[in-house]
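To find a chain, count down the sequence lines: A is the first, B the second, and so on, and within it residues start at 1. On a predicted model such as this, the values are computed, not experimentally measured, just so you know.
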There are 2 protein chains.
Amino acid sequence: MIKFILCSNNIVDNNYSNTEIKIKDAAKSLFLKKGYSATTTRDIARESDINLAMLNYYFRSKRRLFEIIMFETLYEFLSKMVEVYNDEKTSLEQKLKLCSEKYIDMIIAEPLLPTFVLNELKNNPTSFLKMPTTKMIMKSNFVAQYQDGVKKGIYRKVDPIHFVTNVLSVIVFPFMCSPIIMKIENLSKKDFNIMMNERKKLIPAWIIQMIKK
Amino acid sequence: MIKFILCSNNIVDNNYSNTEIKIKDAAKSLFLKKGYSATTTRDIARESDINLAMLNYYFRSKRRLFEIIMFETLYEFLSKMVEVYNDEKTSLEQKLKLCSEKYIDMIIAEPLLPTFVLNELKNNPTSFLKMPTTKMIMKSNFVAQYQDGVKKGIYRKVDPIHFVTNVLSVIVFPFMCSPIIMKIENLSKKDFNIMMNERKKLIPAWIIQMIKK
DNA sequence: ATATGAATTAAACAAATGATTAATAAAAAA
DNA sequence: TTTTTTATTAATCATTTGTTTAATTCATAT
């Protein structure tokens, strides 16, 4: 029998088996590290310490297992993002600070995620299409507050998509370059994370300077 | 007999055969589109319209073919980058304008390159290690000019690695998000490129605002 | 024209891979 | 307990994949 769950650390009622989680956790780890094609079903079976046949028993195929993991990962990630963007109580500047902190923490916890997602997305943009949260970003309180600032003459006017793109760029891209940055600056993984943590304070200031008149 | 050449559009003396180029061009296109693992030798043979055995005849293995292509691609890309950074005649602000224009043009011409490189790099950082140009960026005229501006009190002081990272982030990252941006903004590929071309002018201004006191 | 080496081809090989099967063990329901 | 459903296992299948081989064609130099 095949069952569906959102993710291993989920609140929803779970009567799923233990091996099902073991498979998903191992598969997610391997997919993130090596990508879809380079990960074999035997890799997953070995890593999760289950019998190879169990993968097909629970998930029917490697492709389906991948799609479930991709969906859940995206959903979890985007949900957390939208959360900050839509907080009614915080100002734009507070949001910038909050999302820098939160996103950097999130990516430090799962540094392979951005490259993985953007890479797999390129071949199969449909996964993202299904995400309800995707389009919400441009209609978020965050964007509204920026546009409000433009109206009031506080901020320079520019298409909000540029604004949002810039914020995400300076937050996410450095992680995708981590191998390069670590190499040219001779940093350990720990050093690199310190550098990223520095950026939590720097990024909000940079963005404000970028948009302030 | 196996011969080595830098790239198909190279100046160096070429007595390489036609099929060798055909293989490399097809392989590069496929590797960029699907990644190393998802690309099969038969894919490459079909795309380049050569016999499967010719791949091993000229390049000995898929892995070696990939590494040659990766090296050449990186070399070409980084060379062009360093070129702008080290121009003695231009000011920092001019360099910002020039590199925005040049890099955006480069990536529009080969939009899959950044994601491909950063993704494959994650598994195999050695390819980048071999690049002589990598470390040069931090010792470039570009960085020196920024630090000079800091000394003169014109620019805010921050570790140059942050400065360089930010510039590259706002230039490159949007391309890596192109599927997402196109989706949430309902853009065609053409529209997206128009948006990227807009950024050629915007980015230098943003960066200056970011660093100027 | 002929001989020699390079280029090309079709066929095949061995290993890897996604998936299935049939038998067995464990758990749940009767 | 017995029966029935669910979970697990080892073995196997059919393709796919990277690579090689042996034969053949092509080009060039003698």
Report the C-alpha separation of Lys28(A) and Glu110(A) in whole Å, then their side-chain angles, then the decisive distance to 0.1 Å, and conclude whether the salt bridge (charged side-chain N to carboxylate O under 4.0 Å, His left out) test is met. CA-CA 11 Å; Lys28(A) 184 176 179 180; Glu110(A) 204 137 49; 3.7 Å; yes
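- Residue Leu55(A) is classed as having no contact, given no heavy-atom separation below 4.0 Å to the nucleic acid.
- Put simply, the side chain of Leu118(A) does not reach to within 4.5 Å of the side chain of Val172(A), judged on heavy atoms.
- Within the structure, the side chain to side chain donor-acceptor pair (under 3.5 Å) test picks out the following pairs touching residues 161-181 of chain A (sequence neighbours left out): His162(A)-Glu198(B), His162(A)-Arg199(B), Asn166(A)-Arg199(B).
- Annotation: Phe142(A) is in aromatic contact with Phe163(A) [ring centroid separation under 6.0 Å].
- A donor-acceptor pair under 3.5 Å links the side-chain atoms of Gln94(B) to the main chain of Ser91(B), judged by distance alone.
- Of all nucleotides listed (dT20(C), dT6(D), dG18(D)), dG18(D) comes nearest to the side chain of Lys62(B).
- Across the helix from dA1(C)-dT30(D) to dA30(C)-dT1(D), the helix axis at one end is tilted relative to the axis at the other end by 10° (nearest 10 degrees, each axis from five pairs).
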Which atom pairs link the protein and nucleotides 21-29 of chain D when you take only N or O atoms and keep those under 3.5 Å?
none

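- Tyr57(B) has no side-chain polar atom (N or O) that falls below the 4.0 Å cut-off from OP1 or OP2 of dT8(C).
- Without hydrogens or angle criteria, Asn141(A) side chain to Glu88(A) main chain gives no donor-acceptor distance under 3.5 Å.
- Here the side chain of Asn197(B) pairs a donor or acceptor atom with the backbone of Asn193(B) at under 3.5 angstrom.
- Of all nucleotides listed (dA7(C), dT8(D), dT9(C)), dT9(C) comes nearest to the side chain of Asn51(B).
- Remark: the backbone N or O of Asp25(A) is not paired with any side-chain donor or acceptor of Ser29(A) at under 3.5 angstrom.
- Annotation: Lys62(A), atom NZ; neighbour count of heavy atoms from other residues, nucleotides and ligands within 6.0 Å is above 12.
- If you take CG of Asn18(A) and P of dA27(C), they are 13 Å apart, rounded to a whole angstrom.
- Residues from residues 33-43 of chain A that place a heavy atom under 4.0 Å from any atom of DNA chain C, listed by number: Thr39(A), Thr40(A), Thr41(A), Arg42(A).
- Look at CE on Met54(A): it is 16 Å from C1' on dA11(D), rounded to the nearest Å.
- When rounded to the nearest whole Å, the span between CZ of Arg63(A) and P of dT15(D) equals 20 Å.
- Here dT21(C) presents its P atom at 14 Å from CZ of Arg60(A), a figure rounded to the nearest Å.
- Contact check, Thr19(A) against dA7(D): no side-chain N or O comes under 4.0 Å of OP1 or OP2.
- If you measure from atom CZ of Phe59(B) to atom P of dT8(C), you get 12 Å, rounded to the nearest angstrom.
- Distance, Leu52(B) CG to dA7(C) C1': 15 Å, rounded to whole Å.
- In terms of the side-chain hydrogen bond (donor to acceptor under 3.5 Å, both in side chains) criterion, residue partners of Asp191(B) (sequence neighbours excluded) are, by chain and number, Ser188(B).
- Across the protein-nucleic acid pair, Ile50(B) atom CD1 and dA10(C) atom P stand 12 Å apart, rounded to whole Å.
- If you take CG of Asp49(A) and P of dT9(D), they are 9 Å apart, rounded to a whole angstrom.
- The residues Lys24(A) and Glu20(A) are annotated as not salt-bridged, no charged nitrogen and carboxylate oxygen being separated by less than 4.0 angstrom.
- Applying the ring pair (Phe, Tyr, Trp, His ring centres under 6.0 Å) test to residues at least two apart or on different chains, the pairs with a partner in residues 18-51 of chain A are Phe31(A)-Tyr36(A), Phe31(A)-Phe66(A), Tyr36(A)-Phe66(A).
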